[in-house]
Amino acid sequence: MSVSAPHGDVPTPAGGAPAPLAGAGPQVIVVLTDQQRWDTTGAHGNRAGVTPEFDRIAREGTLFEQAITPNPVCAPARSSLQTGRYPTSTGVFRNGLPLPQDIPTLAGAFAGAGYATGYIGKWHLAGEDGPDGPVPPGRRGGYETWLASDRLEFTSDAYRTVVHDEAGEPVRLPGYRSDALIDAAIRFVADHHDRPYLLFLSLLEPHHQNPTDDYPAPAGYRERYEGAWLPPDLAALAPGAPQGGAHRHLAGYLGQIKRVDEGVGRLRDALRSLGTEENTVLAWTADHGSHFRTRNSEYKRSAHEASVRVPLALTGPGFTGGGLVREPVGTVDLMPTLLAVAGIDVPDGVQGRSLLPLTGGGSDPGRTGSAFVQISEDRVGRAVRTSRWKYAVEAPGADAWNEPDADRYTETELYDLAADPYELDNLAGLDSHRAVADELRQELLVWLARIEDAEPEIRRAARRPAGQRRAESFPEEVPWEGVRFGHGPGR
């Protein structure tokens, strides 16, 4: 027995869920948060309990534990998510630059394969020569259905959201901002439940409200997290941060994330109601993190984990039961990953690699075991991040607003993430770590040659005496192999 479907002509079983689409590719949803640190999630050890839905996605699907943005600035990171290229290759190496129309995009590839495509929320890729709100059709990255503002932080506040439709007309969405956008996403998946689609849901939360430098959580949510556990970097550095730092802002920030997490739960409930959950790939990540003005004068634009490490979890076909992936990956890899799971050819020029081979305990011999980061706007910097080490360089005297790269860099940071995961002890220049720095310098040069076709000079950091410091904790001169066990007989 079946009843007529409220949308389209796919027959619906009496139980309420539509019949599966025979031979169709998966439906795909990307949830992008803005300025969300990786350690806000329970899956990464946060004690505040604000992300039960993200944690469930990570537990049931695949969690990429060490996901790194290609650039800790909004527009550059977003250009990579839409193209699978690093920001210097998209030309969007800083905010205010438009995404070129001649670069193949995520939406263009899915549309070419017969998918409906939709974009909801913050875009930030139309360029500084346009208004904050409406985005011309040619600058929408190939998305068909459109309900967005270019710079959403300037066309909305917590409870008044104005976005723009396909015709560029303003549309008012009632409710708390993330709820309003997720409600629009639920309407999209309902209207397209009977055909393959790509939906990119780009939320502003937990980004600050620029005019007030505030993190406006829903009523009552900030109060839940006042005095919450501070990550070690914020606990150590926030007392000296300008404008109140994390002590002022963290409660609202966590309250925003809590409401987003609840909203994603509602979105997944809608998929379950429509009977499409098992055929839907859902990815949740962020454009970059936030150090709450503890590393420079604003919230990001540094090589530190707080800026560059983000949550990344996927569930659905290809990812359900995929487990934990521990090696570093880049969010630049998300675009080719989604194309691969949908069986769509990856366009020429894509620099990311599909993450699918890493799921379920798999491996990818073509990966280097490190992630590459470009830093722009207030400095021209580069970094390489391995499972244990972070190595960063900066171009002295560079015009960071106008120059995407440099011919000469100087070492600025070296962190041992095994001993110092929150990067409170900079080891750059220590004699004890010179060999480590030289190895990472070579790794970075390989990345620069491959991604930027560049061979810059990298100068060593000023030399510092190491004292008792060593790169390895066990003394080289002490024997280990072949030494008898303490419970064994002596000679």
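- Side-chain polar atoms of His304 and Ser307 form no donor-acceptor pair below 3.5 angstrom.
- At a threshold of 4.0 Å, the pair Lys122-Glu153 counts as salt-bridged, since one of the basic side-chain nitrogens sits closer than that to a carboxylate oxygen.
- Side-chain contact annotation: Arg259 with Ser178, donor-acceptor N/O pair under 3.5 Å absent.
- In this structure Asp213 satisfies the salt bridge (charged side-chain N to carboxylate O under 4.0 Å, His left out) test together with Arg248, Arg293, sequence neighbours excluded.
- Arg139 meets the side chain to side chain donor-acceptor pair (under 3.5 Å) test with Asp129; sequence neighbours excluded.
- Judged as a side chain to side chain donor-acceptor pair (under 3.5 Å), and not counting sequence neighbours, Asp407 has no contacts.
- In this structure, Trp38 has its ring center under 6.0 Å from that of Tyr422.
- By the 4.5 Å heavy-atom criterion applied to side chains, Tyr143 and Leu106 are counted as neighbours.
- Under the rule for a salt bridge (charged side-chain N to carboxylate O under 4.0 Å, His left out), the partners of Glu65 that lie at least two apart in sequence or sit in another chain are Arg326.
- Between the side chains of Thr412 and Arg379, not a single donor N or O lies within less than 3.5 Å of an accepting N or O.
- Relative ring orientation between Tyr119 and Trp146 is described as parallel, the plane-to-plane angle staying below 30° on a 0-90° scale split at 30° and 60°.
- Every residue two or more places apart in sequence or in another chain was checked for a side chain to side chain donor-acceptor pair (under 3.5 Å) with Asp378, and none qualifies.
- Residues Arg469 and Asp425 are paired through a salt bridge, judged by an N-O separation under 4.0 Å between the basic side chain and the carboxylate.
- Ser370 and Glu443 share a side-chain donor-acceptor pair at under 3.5 Å.
- For residues 228-258, the set of pairs meeting the ring pair (Phe, Tyr, Trp, His ring centres under 6.0 Å) definition, not counting sequence neighbours, comprises Tyr215-His249, Tyr215-Tyr253, Tyr253-Phe292.
- Thr117 and Glu144 form a side-chain donor-acceptor contact under 3.5 Å, judged by distance and modelled atom types alone.
- Between Asp333 and Thr337, the side chains place no donor N or O within less than 3.5 Å of an acceptor N or O (distance only, hydrogens not considered).
- A salt bridge links Arg78 with Asp34: the closest approach of a Lys/Arg side-chain nitrogen to an acidic carboxylate oxygen falls below 4.0 angstrom.
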